[in-house]
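Throughout, a chain's letter reflects where its sequence line sits, starting with A, and its residues are numbered from 1.
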Protein chains: 2
Amino acid sequence: MSISEIAKHLKVSKSTVSLVINGKAEEGRISKASAQRIRDYIEEIGYKPNALAKSLATGKSRTIGLIVENIGDSFFGPIALHIEEYLRKHGYQVLYSSTMGDNQLAAEIVQTMLDKQVEGIILAPTDALDSEVERMLKSKMPLVLFDRKIPSLPTNYVGTNNYEASREAVEHLLEQGYGHIGMVTIASQQPQMQDRLRAYQDVLAENGSKEQLLYTSFLDKDENPVKAISKWLKKNPEIDALFFSTNYVCVAGLKAMRKLEREQQLGIIAFDDLELLELMRPQISCIRQPLEKIAKAVVQMLIEQLSDKDKAPSEKIIRSNIQIRESSL
Amino acid sequence: MSISEIAKHLKVSKSTVSLVINGKAEEGRISKASAQRIRDYIEEIGYKPNALAKSLATGKSRTIGLIVENIGDSFFGPIALHIEEYLRKHGYQVLYSSTMGDNQLAAEIVQTMLDKQVEGIILAPTDALDSEVERMLKSKMPLVLFDRKIPSLPTNYVGTNNYEASREAVEHLLEQGYGHIGMVTIASQQPQMQDRLRAYQDVLAENGSKEQLLYTSFLDKDENPVKAISKWLKKNPEIDALFFSTNYVCVAGLKAMRKLEREQQLGIIAFDDLELLELMRPQISCIRQPLEKIAKAVVQMLIEQLSDKDKAPSEKIIRSNIQIRESSL
DNA sequence: CTGAAAGCGCTAACAC
DNA sequence: GTGTTAGCGCTTTCAG
């Protein structure tokens, strides 16, 4: 059922119907009588406008693209939920996608979203998405990066104080008397991972302590991170504490330690909280990102960009809280 | 940059350009020369078709709506990821939304998706979404429900063997010698929750055991499930084992038990696995739904419906696996 | 107060 | 081989 059919049936013109539907009966100076007649009929047949046609005509899709690494992840999932909630309040819908860290896929996803005429994009970029992002910047597509930024490009960005929070975590371990602090991370150029790593390295260097670093991979199907970590732990028995760079690394690490029955002896602190971390034995210390605040800041920044496409890009750092629990005492 | 501008620039007609773009140069009998000229120019200016206009013209949006309760949840998040992956293989994109269990919101979301001309809908319905679903059924919108069904309506459905798996879990607790098995669940009419509950009640009845049931709410802002559970546990000290009806209930339960320092003494088994359940002390037994298989079945069922709108609705039950761990031994 | 008409960007039947 | 034309469902300007 379309607007023309309604018009035909009621013997009025399409524009009259359109004005009524869009609540512009007043300014379109439609008579109360016609307006009511139209409204009644619409109600009766349960007419719903075709949003595609509307978007095409107006050039507004009321849709935002949200691209994350993995929607099933305990960081990105809840963030996505909150972003959706905030965007809804502003009348936008969300078209999500997960890149799984795959650059090529990420580029395709971006393109598909642009093809679908999204009005803005929220993006946790993959390692080498620079050229895509640059194109969006040039075309003035409203864009907010979060979690990780692209240092070479002036973009809107919301993130946390990765370096400082990580320093605090490692320093805390040192203060607790751990002398051989290892770090497990992923081999990634993502700036937030680099910051976490650099913090670890800096603190150890300042204290004359030796680095014990393990890079593991969750993309490479041939690698089993749990095995890699337990092998590394066995090979380096002097390690007495561990710093994990992100949630899924932590899970793998905990599994490895459990296998070796060593989680009671090692100091542990992880970047990112997980629902059950506080219920482990020992309860696991972590750096906790305020997910809802991040989501809120992201949406706010996007909305600003949406209303002023020439707004200068800005950065917002939402501080994480360090949660000291039993594992690092 | 639009197809008309390209046509004008190259002094050919829109249809010629359109045919080339859609790889129909052959069947449209476009000369190799023109085709190449058009392809070159398209490449040069980086032309990308407007998917909205295309959808409007063809009546195909290549988009599927996915409506879950909470995209940040450890059940729905990973399922959504896999559904997205499978749908992508079939050339579809996904428009997700979370209902947060709110019926009104769910109805709005369904409508918005229909307005956007999605070609099919995958839905974990809220408690009373019958009329919306009925409307979709009438309009022959391809539809697959999952996790929970609507018993009164003949729909496609993918779910797990809630009743049998729950029976198995409760029977297992009985066999292990627990005599006072309690169950914590949510007050919900959702059939899958009802099945889990009924299984518990049946097994206890068959064994002449007394029910100890607690309904808690995660929607009501005034209620704190953790407190409610710990209060209930204190009031019923004879309870020696617990069956949790779903993931977030289990988390609340574990928190309550930790507060009371009782998780070592109680038998525990939960419906749904969580990433760290196997690392708790004790390791928590659970009923594990095969998420990827469920996602795959959902997509397959939808694809079938998409290619034959008159296909009779079918149901697919993916069996869950019971994971016996320390908490129930 | 209301209708006619052009146009959003694309497809597809049909003519030449 | 290629162009013309109508149309997808809507908005919006302008004329009356």
With sequence neighbours excluded, residues passing ring pair (Phe, Tyr, Trp, His ring centres under 6.0 Å) with B/Y157: none
Contacts of type ring pair (Phe, Tyr, Trp, His ring centres under 6.0 Å), residue A/H90, not counting sequence neighbours: none
DNA chain D contacts made by residues 42-62 of chain B, counting heavy atoms under 4.0 Å: B/L56, B/A57
For B/K316, side chain to side chain contact (heavy atoms under 4.5 Å, CB included) partners two or more places apart: B/V158, B/A297, B/M301, B/I318
B/K14 backbone acceptor or donor facing B/S18 side chain under 3.5 Å: no
Residues from residues 33-41 of chain B lying under 4.0 Å of DNA chain D - heavy atoms: B/S34
Donor-acceptor pair, side chain of A/S34 and main chain of A/I30, under 3.5 angstrom: no
Main-chain N/O of A/G101 paired to A/T126 side chain as donor or acceptor, under 3.5 Å: no
With A/V144, the side chain to side chain contact (heavy atoms under 4.5 Å, CB included) member among A/I121, A/I83, A/V298, A/L123: A/V298
B/R39 and B/E44 ion-paired at < 4.0 Å: no
Verdict with supporting geometry, A/K54 and A/N22, side-chain hydrogen bond (donor to acceptor under 3.5 Å, both in side chains): CA-CA 11 Å; A/K54 181 165 185 164; A/N22 293 294; 3.0 Å; yes
Sugar-phosphate only, base, or nothing, as touched by A/K32 at under 4.0 Å among non-hydrogen atoms: nothing
Check nucleotides 3-6 of chain D against the protein and report each pair of N or O atoms closer than 3.5 Å, with its distance, or say if there are none.
from	atom 1	to	atom 2	distance (Å)
D/dG3	OP2	B/S13	N	2.9
D/dG3	OP2	B/T16	OG1	3.0
D/dG3	N7	B/S15	OG	3.2
D/dT4	O4	B/S15	OG	2.9

Carboxylate-amine/guanidinium contact A/E84 A/R88, below 4.0 Å: yes
Any residue meeting ring pair (Phe, Tyr, Trp, His ring centres under 6.0 Å) with A/Y41, in chain and number order, not counting sequence neighbours: A/H9
B/R148 with B/E69: basic N within carboxylate O range, under 4.0 Å: yes
Side chain to side chain contact (heavy atoms under 4.5 Å, CB included) involving B/I38 - partner list, sequence neighbours excluded: B/L10, B/V12, B/T16, B/V17, B/V20, B/I42
Sugar-phosphate only, base, or nothing, as touched by A/S18 at under 4.0 Å among non-hydrogen atoms: base
First and last nucleotide of DNA chain C, 5' to 3', lying under 4.0 Å from heavy atoms of chain A: C/dC1 to C/dG9
Angle of first-five versus last-five pair axes in the helix from C/dC1-D/dG16 to C/dC16-D/dG1, to 10 degrees: 50°
Whole angstrom value for the distance that separates P of D/dT2 from NZ of B/K24: 17 Å
Set of residues satisfying side chain to side chain contact (heavy atoms under 4.5 Å, CB included) with respect to B/P151, sequence neighbours excluded: B/P191
Spacing between A/I6 atom CD1 and D/dC10 atom C1', to the nearest angstrom: 11 Å
Sequence neighbours excluded - side chain to side chain donor-acceptor pair (under 3.5 Å) pairs with any residue from residues 106-116 of chain A: A/Q111-A/D115, A/Q111-A/R135, A/K116-B/T63
